[in-house]
Amino acid sequence: MEAIVALAFAFLVFPFSSPAQALSSNYYDHTCPQLESIVRSAVQKAMSNDKTVPAALLRMHFHDCFIRGCDASVLLNSKGKSKAEKDGPPNISLHAFYVIDNAKKALESKCPGIVSCADILALAARDAVAMSGGPSWEVPKGRKDGRISLASETRQLPAPIFNISQLKQNFARRGLSIKDLVALSGGHTLGFSHCSSFQNRIHNFNATLDVDPTMNPSFASKLRSVCPAHNKVKNAGSPLDSSNLIFDNAYYKLLLQGNSIFSSDQTLLTTPKTKALVSKFASSQKAFEKAFVESMIKMSSLTGGQEIRLDCRVVR
């Protein structure tokens, strides 16, 4: 869920369909019973070659759902001068699109024209979490694929420099609660961030301080050594938590210690309600996993598509 560039917050709201848009856990039971095993196999194969795949798939699903609902618009390629979501600044570092392509290709040979790319992405994100040691859950299915994908709309994604008010507002627009906000932020237990997303905390923090005073000094020093003020190393950055390949509650424990990467992480400690949830999830992985699953189902039920694509990167 890392956003590489913070853009001005847009007060645009797109009409998401009701979560009741014919989503069902047994939607494909008769039309494509092999669906889940095919997607799982594609994720497993990719993970065996690239350990960053789970974080990439989880982030891709989140970025998809937060713009026009979970309609796989994030997968569409840009066409000419019309730049698609994947080429918007916060999405430049998204990767592992090939995992969805491979699953789609296998599904088209078994059940042509049946399964949406949006459902494949939702299942792949679930499998990514489960295969990283996290929980598994029944994914409601029946999403349709969208036909519109605009890079300009990626400014609606929550940015890593957002404060708690901006985050609450951003999530509330999608019908997501404060508990959803804190639980879904736990997705940062997987992944890596480039320096540009947390540079604001470790250099020129404000007029009088160079470093964000809420950061653990030794942690800030470590980040500053990896990301100097005029960093020229393209892929320099930091893991999002100390066990960034394992889905666990370390993110919350580190947050309480002042060892979080983003301003948007640290800001979760600035209100009593969000801080209480951080503490609860830090002390109980079981409580975190339960809340995360509930919030993932809620978020992934935001739908907005119209068709079933045959190629996930191109509208029909």
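The first residue of the sequence shown is numbered 1, and numbering continues consecutively from there.
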Can you tell me how far the [atom1] atom of [X] sits from the [atom2] atom of [Y], to the nearest 0.5 Å?
X	Y	atom1	atom2	value
Phe97	Leu76	CZ	CG	10.0 Å
Thr189	Leu254	OG1	CG	9.0 Å
Asn259	Ser218	CG	OG	6.5 Å
Ser177	Lys168	OG	NZ	11.5 Å
Met47	Gln44	CE	CD	8.0 Å

For a quick check under 3.5 Å, do [X] and [Y] share a side-chain donor-acceptor pair by atom type?
X	Y	value
Tyr251	Asp265	yes
Ser93	Arg59	yes
His95	Thr52	yes
Asn91	Thr154	no
Ser263	Asp212	no

I'd like to know if the side chain of [X] and the backbone of [Y] have a donor-acceptor N/O pair within less than 3.5 Å.
X	Y	value
Ser109	Ala106	yes
Asn244	Pro239	no
Ser284	Lys280	no
Arg309	Ala72	yes
Asp145	Cys117	yes
Gln266	Ser264	no
Gln156	Glu153	yes
Arg201	Phe198	no
Thr267	Ile164	yes

For this session: Start with the C-alpha distance between Leu256 and Val278, add both sets of side-chain angles, then the distance that settles side-chain contact (heavy atoms from CB on, under 4.5 Å), and finish with yes or no.
Result: CA-CA 8 Å; Leu256 291 171; Val278 169; 3.9 Å; yes
Problem set entry | Residues forming a ring-ring contact (aromatic ring centres under 6.0 Å, His included) with Tyr252, sequence neighbours excluded |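 Here the qualifying residues are Phe281, Phe288.
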Using the test salt bridge (charged side-chain N to carboxylate O under 4.0 Å, His left out), find all partners of [X] that sit at least two apart in sequence or belong to another chain.
X	result
Arg316	none
Asp87	none
Asp71	none

Exercise. Below 4.0 angstrom, N of the basic side chain to O of the carboxylate: do Lys104 and Asp311 qualify?
Worked result: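 Judged by the 4.0 Å cut-off on N to carboxylate O distance, Lys104 and Asp311 do not form a salt bridge.
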What side-chain donor-acceptor pairs closer than 3.5 Å can you find for residues 220-233, not counting sequence neighbours?
from   : atom 1 : to     : atom 2 : distance (Å)
Arg224 : NH1    : Ile202 : O      : 2.6
Arg224 : NH1    : Asp210 : OD2    : 2.8
Arg224 : NH2    : Asp210 : OD2    : 3.4
Ser225 : OG     : Lys222 : O      : 2.6
Asn231 : OD1    : Val233 : N      : 3.2
Asn231 : ND2    : Val233 : O      : 3.1

ILVMFWY cluster, [X] and [Y] together (side-chain gap under 4.5 Å):
X	Y	answer
Ile178	Leu255	yes
Phe205	Ile161	no
Val43	Leu245	no
Leu157	Met296	yes
Ile148	Leu94	no

Quick one, [X] and [Y] - any side-chain contact, counting heavy atoms below 4.5 Å?
X	Y	answer
Val139	Trp137	yes
Ser116	Asp119	yes
Glu307	Lys144	no
Leu176	Leu181	no
Phe66	Arg174	yes
Thr31	Cys111	no
Ile100	Leu57	yes
Cys32	Leu107	yes

Exercise. Relative to each other, are the rings of His194 and Phe192 parallel, tilted or perpendicular (30° and 60° limits)?
Worked result: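 His194 and Phe192: perpendicular rings.
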Please find the pair of heavy atoms, one from [X] and one from [Y], that lie closest to each other, and give the distance.
X	Y	value
Gly175	Asp180	O-OD2, 4.5 Å
Ala282	Asn249	O-ND2, 3.1 Å
Cys70	Arg143	O-CD, 3.6 Å

Exercise. Counting only heavy atoms not in Asn204, do more than 12 fall under 6.0 Å of its CG?
Worked result: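 No, the 6.0 Å shell around CG holds no more than 12 heavy atoms from other groups.
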Donor-acceptor pairs are to be reported for all side-chain atoms of residues 33-41 against protein atoms at under 3.5 Å, with residues two or more places apart or in another chain.
from  : atom 1 : to     : atom 2 : distance (Å)
Glu36 : OE1    : Arg126 : NH2    : 2.7
Glu36 : OE2    : Lys141 : NZ     : 3.0
Ser37 : OG     : Gln34  : O      : 2.9

For this session: Test side-chain contact (heavy atoms from CB on, under 4.5 Å) on Asp241 and Ser243 and set out the steps.
Result: CA-CA 6 Å; Asp241 85 5; Ser243 54; 3.5 Å; yes
Exercise. What about the rings of His30 and Tyr28, do their centers lie closer together than 6.0 Å?
Worked result: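 Ring centroids of His30 and Tyr28 are no less than 6.0 Å from each other.
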Exercise. Centres of the Phe262 and Phe162 rings: under 6.0 Å?
Worked result: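 Ring centres of Phe162 and Phe262 not closer than 6.0 Å.
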For this session: Pick out which of Lys86, Lys79, Glu85 makes a side chain to side chain contact (heavy atoms under 4.5 Å, CB included) with Ser149.
Result: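 Only match with Ser149 under side chain to side chain contact (heavy atoms under 4.5 Å, CB included): Glu85.
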For this session: Before giving the answer on salt bridge (charged side-chain N to carboxylate O under 4.0 Å, His left out), spell out for Glu294 and Lys290 the whole-Å C-alpha distance, their side-chain angles and the decisive distance to 0.1 Å.
Result: CA-CA 6 Å; Glu294 289 170 356; Lys290 181 176 184 291; 2.9 Å; yes
